[in-house]
Structure formats: C-alpha cells, structure tokens
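First comes the structure, then the notes that go with it.
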2 protein chains.
Amino acid sequence: MREATLKDVATRAGVSIRTVSNVVNGYAPVSDALRAKVETALGELDYRPNVIARNLKQGRSGLLGLVVPELDVPYFAELARATIAAGRRHGYTVMVDQTDADPERERELLTRNSRLALFDGLILSPLTLTVQDLRVRGNRAPIVLLGEHLFDGSFSHVAIDNVAAAREATEHLIALGRTRIAAIGDQPYQTGETAQLRTAGYRQALERAGIAYDPRLVRPTERFHRRLGAAAATELMALPSPPDAIFCYNDLLALGALRSLVRAGVRVPDDVAVIGIDGIEEGEFSMPSLSTVAPDKQQIATLAVESLVALIEGTAAPAPAEVRAAHTLLPRESTLGISGLGVSGLGISG
Amino acid sequence: MREATLKDVATRAGVSIRTVSNVVNGYAPVSDALRAKVETALGELDYRPNVIARNLKQGRSGLLGLVVPELDVPYFAELARATIAAGRRHGYTVMVDQTDADPERERELLTRNSRLALFDGLILSPLTLTVQDLRVRGNRAPIVLLGEHLFDGSFSHVAIDNVAAAREATEHLIALGRTRIAAIGDQPYQTGETAQLRTAGYRQALERAGIAYDPRLVRPTERFHRRLGAAAATELMALPSPPDAIFCYNDLLALGALRSLVRAGVRVPDDVAVIGIDGIEEGEFSMPSLSTVAPDKQQIATLAVESLVALIEGTAAPAPAEVRAAHTLLPRESTLGISGLGVSGLGISG
DNA sequence: TGGCAGCTCTGCAACGATGCAGACATCGTG
DNA sequence: CACGATGTCTGCATCGTTGCAGAGCTGCCA
C-alpha cells in the first residue's frame with residue numbers, strides 16, 4: 001500500500017492540498033470545522049509527511065555529516081558525541097560515518113553522486129585527502145576539516161596546536177628527570193602530517209632541554225592502535241639501552257604500550273613513564289591511569305559546527321578560517337606514580 | 001551564486017534537459033558531438049546533481065540510520081563499524097546517531113517531522129522506547145530493533161541470548177571454584193530489560209551449581225559505565241565477607257571494577273576473578289586483560305541490515321522476525337591469571 | 001522511391017511538498 | 001449601502017530530477 005500524500009488526504013477531506021498542508025504545519029488560520037475534518041482524514045490515512053519532498057522545496061535537510069576514519073577509535077567516538085551535541089544546539093542533526101581510513105572511501109565521499117550530498121554540510125576528519133581531491137568534489141555542501149591536513153588555506157579548519165601539544169607532553173617527561181625519552185607513532189610519509197607535527201614538538205622539547213635526539217628511540221607505527229603501541233614498546237625495551245620514558249602520539253598507542261610494559265614486569269612510572277595524547281576516558285581507568293594531553297573536544301566540536309553553520313547560512317564571509325582549539329596536560333599515574341598507597345609504581349607481584 | 005541545475009546546463013549547451021541528464025547518468029546513447037558539448041557546459045557551470053531531487057523522484061535515499069544510546073560506549077562504536085560495513089555490502093550508506101540515552105530524544109526520533117524520515121530504514125538500539133511509542137511513529141521507514149526490548153512481536157529484532165550469555169559467564173567463574181560471586185549492573189526497573197535478563201542468567205547459573213543467591217552481592221548501577229563499576233567493586237570489597245569473583249553486566253563496568261580492585265591491592269584473579277560481557281577491544285589491553293562473553297557483532301550487524309533491507313525492498317514477508325545472534329566466552333587473564341610469567345596474579349608492588 | 005528499423009534526441013508529466021497571489025465570504029465602519 | 005479590512009481557503013507555479021512516449025533523422029533494403 002502506497003504511503004498517503006497530502007493529495008490523498010485532501011481528496012478524502014474534501015479540501016485543497018494547500019489546506020491540508022496548512023493544518024499539518026499549523027501555518028495559516030484554519031477554521032475549527034475544517035481542521036477537524038482534515039485531522040480525521042489525516043488519522044484515517046495515517047499520513048506522514050515526505051521529508052525528502054519537503055527538503056527539496058526548502059533546499060535544505062537540516063542534516064550535518066561528520067566523517068571520521070574510525071568510529072571505534074575512542075577519540076573519534078568522543079568527538080562524535082560532542083559534535084552531535086553542538087549540532088543540536090544550532091538546530092542541526094549530525095549523523096556520523098566512517099571511512100575505515102580507506103583513501104578510496106574518503107575520495108568516494110566527495111563524488112558527484114555521493115549520498116552525503118543530502119547533507120547541508122560536512123565535517124571531515126581526513127587522513128589521505130589532498131587539496132586536489134577537495135577541489136574537484138562533486139559535493140555542493142560546505143566542508144569544514146578537522147586536523148592539520150591540507151593547510152593551504154582553501155578550507156576551514158579546526159585543530160589543536162599539535163606541535164605544542166607534543167612538546168608539552170615531552171616536557172612533562174623531561175620535568176620528571178627523564179632523559180632517554182622514546183616516541184611511538186611517527187609517520188614519516190606523505191599522509192602522516194599530524195604525526196609529523198607531533199614529532200616536531202617532541203624534538204623541540206628535547207632540543208630545548210639539551211637532550212640529544214636519538215633516532216633509535218623513535219618508532220614509527222602505521223596506525224594509532226593499541227596493538228601497535230604494545231609491539232613498539234616491547235621493541236624499545238629490548239634495546240641495549242632502553243628508554244626511561246615513552247611519549248606516544250595518541251592514547252591508544254600509550255595504552256598498548258602500558259600493557260606490554262606492565263606485563264613484562266617493567267614498573268610504570270618508576271622504570272618507564274608513559275604519556276599519550278587524546279584525553280580519552282579509557283585512560284582514566286587503565287592501571288596505572290594514563291597521563292595525556294587532552295584536546296578540548298567540546299571546543300573542537302563547537303568551533304567546527306559554528307564554522308560550518310556560518311558557511312551554510314551565509315552569515316560569515318566565505319573566507320576559510322583556520323581555528324585553533326585548546327589542549328590541556330593531564331598528568332596521571334603513568335607519569336606521576338600511584339599516590340596514597342605508599343608505593344611508587346606498579347609491577348608484577350608474585 | 002545559485003547552484004547550476006540541469007536546466008542551466010541544457011540552456012548553455014543548447015540541448016534538452018533530458019539529454020544532459022542522460023549524459024550525467026550515462027543512460028541513453030548520446031552522440032559524441034553532443035556529449036562533448038554537454039560535458040563542456042557541465043564543467044563550465046561546475047554542475048553537481050541535486051541529490052534531494054533525485055531521491056524524491058526515485059522514492060529512496062539509499063541511506064540507513066543506526067541509532068544507539070551512546071556512541072562513545074565502545075560496544076556501540078564497534079557495532080557501528082560492523083553495521084556500516086554490512087550496509088555497504090547491501091548498497092546502503094549507514095549513518096549513525098546517538099540519543100545520549102535520553103528518553104525524550106528517543107521518542108523524538110519517531111516524530112512526524114523527524115529528519116530521520118529521510119532514511120530508507122532505521123536500526124534502533126532503544127533504551128526506553130515502548131511498543132506504544134513505536135506504533136504511533138510518524139516515520140514511514142521500516143525499523144529493526146537491537147536488544148531485547150519490546151518483545152511483543154510487532155517489530156523485527158536482533159539480539160543475543162542474554163540469559164545464556166550471563167549464565168555462561170557466571171558458570172565460568174563457578175568452574176574456577178569461586179563460590180561468592182558478585183554481580184554488578186542489575187537494573188530492577190522498567191527500562192532495564194537487558195540487565196534483568198542477565199540477572200536471570202546469573203541466578204540460573206548459581207542455582208544449577210547449588211550456590212545460594214545472596215542479594216548483598218548484587219549491585220545495581222543506573223548505567224553501564226566504568227566509573228559506576230569501579231564504585232560498585234569498592235563497595236563489594238568493603239562487605240564483611242567480600243566476593244571471590246565478580247560478574248559484570250558489561251565490559252565497561254568490569255574495567256572500572258578491575259581498576260578499583262587492582263588499585264586497592266586486590267589480586268586479580270587470585271583474590272577476585274572478574275568477567276564482563278561485550279567483547280570490546282579495550283578488554284584485550286587492560287592489565288590484567290578482561291575475560292568476557294562476546295556477542296558476535298558482525299553477525300548482529302549483518303542480520304540487522306539484512307532484515308531491514310528485506311523490509312525496505314519488500315523481498316521478505318513483513319512479518320517481524322526475532323533473530324538470535326551468537327555469543328562466545330573469551331576467558332582471559334582476569335579469570336585465568338597471567339600465564340607465562342611464573343606469577344599468578346597482578347597487584348601492587350613496592 | 002517507399003517503407004521500415006534503429007538511433008538520437010526532446011518535451012511533458014510526475015515525485016510530494018510549499019510559496020504566492022488572489023478568490024470569496026464575512027464583518028465593521030462611515 | 002458602499003467600502004475596505006480581515007479571515008479562510010484555493011489553485012497554480014515551483015523545487016530539480018527522472019520516466020515515458022514519441023518526434024525526427026539516417027540508412028538500408030526491396
């Protein structure tokens with residue numbers, strides 16, 4: 001059975017389509033008698049408006065899309081929550097998609113026939129997209145980017161200062177007196193821009209402290225996952241002179257490293273201090289809890305949505321903005337130690 | 001500047017709208033000469049199809065919606081990933097929304113004017129919705145439900161056997177010789193159906209093993225979050241006779257409990273064994289790693305998408321199906337102990 | 001040369017809703 | 001009583017696209 005349309009309802013109620021529309025939307029004044037008749041017909045036919053038709057007429061859908069590489073990476077999940085909330089505050093519904101960090105999927109998004117063209121605007125957290133890709137997009141909706149990519153100024157951006165964040169994390173380790181500070185997560189190839197900025201921050205901190213840079217202590221990882229962090233930490237501890245601290249480029253790497261260290265009987269932080277970046281909730285509950293530099297996800301989400309809405313509604317100059325969000329160092333047990341227990345580290349007992 | 005339409009392109013190229021459409025979609029045979037002219041015009045005007053108009057004409061959007069209570073709960077994030085993949089296999093794009101576990105937001109989804117009406121179908125993981133709510137929905141798209149709610153048979157469902165899952169988790173603890181087995185996560189009120197099923201499974205296992213049910217060992221928690229698990233575990237250990245094992249209704253509760261136990265110097269699993277439900281990746285990397293009963297998320301996602309697509313495309317009888325997905329017990333260190341180290345538990349050293 | 005098939009291409013209608021201008025009835029006022 | 005103001009209600013055009021039926025042309029064969 002076909003869905004009832006305004007026309008069906010109008011026929012049944014013996015009024016014009018327009019009047020039915022008015023009743024449905026509560027627009028123009030409608031007499032009680034007619035209103036009652038229309039409402040009866042609406043009920044009898046179980047009328048439900050066709051949102052697509054309405055959107056076509058109004059030229060907007062009220063939907064924003066957030067596209068992240070991996071939804072099950074906690075940082076993105078937490079960011080998604082914040083973005084959905086920010087969207088609501090501006091009257092938009094945000095829906096989330098992921099690309100599995102697949103370059104082809106990322107490019108597919110921008111395709112002429114992408115279904116995302118239904119959305120009034122897009123917030124992208126790209127991994128591999130180039131400015132070129134974005135230029136030729138078949139997508140009519142405005143775009144705001146998250147992260148450091150594509151800083152050629154043609155698109156609005158929201159990101160933390162990754163160099164500073166990495167520097168502060170490293171400086172925190174230095175302040176604890178550590179000198180052999182390893183780094184896990186470098187990505188010295190084209191699409192690893194965020195990682196490269198963090199490497200820069202790491203090296204800045206070392207340099208300022210007069211600590212020599214030791215390339216053997218820097219482990220690249222293709223992605224920022226727990227398993228890779230664990231493997232890299234194991235390798236680091238097998239070095240002739242292992243590190244006394246590890247700066248991980250994100251919290252998942254750090255949590256993987258943490259487990260492999262503790263599992264191997266290394267005391268954290270006494271033997272090796274560990275810090276990450278992301279400020280995910282999981283890090284508050286690891287044992288020991290994870291020190292981290294937390295980007296202000298609320299702020300990132302709010303700024304991204306605000307920029308996007310301004311583009312959509314034309315309330316701002318279309319000049320692309322580069323927006324910086326805040327970040328905060330959150331020292332926890334993995335660098336400060338476990339307080340209140342009369343012990344100074346966590347290891348294997350038995 | 002307005003977006004170019006087919007009409008604009010047609011005017012510029014001196015051909016009919018229909019021909020432009022044909023070129024864009026590669027439909028009918030078009031002579032090379034015309035095709036070239038049209039393509040030039042397309043390029044000059046930077047034409048991008050209006051997906052909304054296309055959808056209106058075709059009566060579908062190719063979009064499925066997945067709505068979960070909280071995206072930053074890892075179980076849901078992992079399920080979302082699986083669902084997005086399953087949707088792609090069927091030619092649909094899945095986009096994810098969350099309700100913040102807010103009853104009003106859940107109901108809002110089904111409203112006449114909900115933007116989700118743009119979607120061809122919806123997969124809902126409801127917390128508080130009643131059958132009543134679903135009946136009066138102003139939403140035309142078919143719906144498939146995740147979880148045990150609303151088992152009155154009017155809607156298609158996909159869920160694991162929660163009673164069995166909880167029973168198997170508890171039996172695993174019993175098989176280890178534990179007798180004072182606590183439970184964290186009961187929700188003995190209307191909207192806590194999943195929790196109640198898990199309580200039933202827990203009690204079944206106790207009963208079968210001839211262990212008396214001790215209500216003091218069952219801690220309710222309003223939600224399934226790490227912090228509440230930690231608090232509940234602390235309370236349990238403060239009992240005159242504390243438990244020697246804890247069954248948590250999900251992995252987040254268990255991870256919270258794990259931390260508070262280890263933090264307090266309790267040896268896991270020697271003193272207290274811990275198990276959860278969900279099989280989230282985080283549990284593989286906690287210290288000790290978390291034993292769990294893992295629902296087959298792939299299967300859940302696949303079954304949900306298949307049911308939904310069948311409803312949308314009318315290839316299946318509209319009779320609502322109740323589908324069971326598989327689950328697997330995954331014993332890890334939090335019950336089996338840490339092997340290969342010559343130690344039998346993890347605690348505080350120093 | 002007539003007729004037909006096959007290839008291109010076009011115009012119109014339609015998807016289901018809303019904006020707009022105006023028709024019609026009613027009412028109050030001068 | 002005439003008039004305009006007000007309050008209801010309607011029809012038409014429109015959003016941008018695609019389905020459908022058919023027009024016009026070409027070329028081939030009898």
Exercise. Provide the full list of side-chain hydrogen bond (donor to acceptor under 3.5 Å, both in side chains) pairs with a residue in residues 31-43 of chain A, sequence neighbours left out, each pair given once.
Key: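 Matches after skipping sequence neighbours: none remain.
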
Quiz prompt | Five-pair end axes of the helix from dT1(C)-dA30(D) to dG30(C)-dC1(D) and the angle they enclose, rounded to 10° | solution =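 One end axis against the other gives 70°.
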
Partners meeting side chain to side chain contact (heavy atoms under 4.5 Å, CB included) with [X] (sequence neighbours left out):
X       : answer
E306(B) : H90(B), T302(B), L303(B)
K297(A) : Y75(A), E78(A), L79(A)
E106(B) : T99(B), P126(B), L127(B), T128(B), L129(B)

Are the side chain of [X] and the backbone of [Y] linked by a donor-acceptor contact shorter than 3.5 Å?
X       : Y       : answer
D100(A) : D102(A) : no
Q299(B) : A325(B) : no
D120(A) : G62(A)  : yes

Exercise. Summarise how protein sits on nucleotides 19-27 of chain C as a single string, 5' to 3': B when a protein heavy atom is under 4.0 Å from the base, S for sugar-phosphate-only contact, - for no contact.
Key: BB-------

Interatomic distance where [atom1] belongs to [X] and [atom2] belongs to [N] [whole Å]:
X      : N       : atom1 : atom2 : result
K7(A)  : dA14(C) : NZ    : P     : 8 Å
R54(A) : dT17(D) : CZ    : P     : 21 Å
N55(B) : dA14(C) : CG    : C1'   : 16 Å
D8(B)  : dT17(D) : CG    : P     : 9 Å
R35(A) : dC9(D)  : CZ    : P     : 9 Å
I17(B) : dG19(D) : CD1   : C1'   : 14 Å
E3(A)  : dA14(C) : CD    : P     : 21 Å
L56(B) : dG16(D) : CG    : P     : 12 Å

Quiz item: Between N22(B) and A53(A), who's closer to the 5' end of DNA chain C by nearest nucleotide?
Solution: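 Its nucleotide being nearer the 5' end, the pick is N22(B).
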
Quiz item: Out of dC9(C), dG11(D), dT10(C), which nucleotide sits closest to the side chain of S16(A)?
Solution: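 Out of dC9(C), dG11(D), dT10(C), the nucleotide with an atom closest to S16(A)'s side chain is dG11(D).
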
Practice problem: Please tell me which of the listed nucleotides, dG16(D), dA17(C), dC9(C), lies nearest to the side chain of T19(B)? | Solution: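 The closest nucleotide is dC9(C).
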
Quiz item: What are the two closest heavy atoms between V51(B) and A117(A), and how far apart are they?
Solution: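 Of all heavy-atom pairs spanning V51(B) and A117(A), the closest is CG2-CB, 3.1 Å.
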
Self-check item: Shortest non-hydrogen contact between I143(B) and L311(B), atoms and distance
Solution: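 Looks like O-CD1, 4.0 Å.
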
Verify the contact: side-chain N or O of [X] to OP1 or OP2 of [N], cut-off strictly under 4.0 Å; return yes or no.
X      : N       : result
N25(A) : dT18(C) : yes
S21(A) : dT18(C) : yes
T5(A)  : dG16(C) : no

Exercise. Select base, sugar-phosphate, or nothing to describe what S31(A) touches, counting heavy atoms under 4.0 Å on all strands.
Key: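 Sugar-phosphate, no base atom in range.
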
Self-check item: Sugar-phosphate, base or nothing in reach of L34(A), heavy atoms under 4.0 Å
Solution: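 Here L34(A) touches the backbone only, sparing every base.
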
Quiz item: If we ignore angles and hydrogens, is there a donor and acceptor under 3.5 Å between the side chains of R54(A) and N50(A)?
Solution: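 Result is no, nothing qualifies.
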
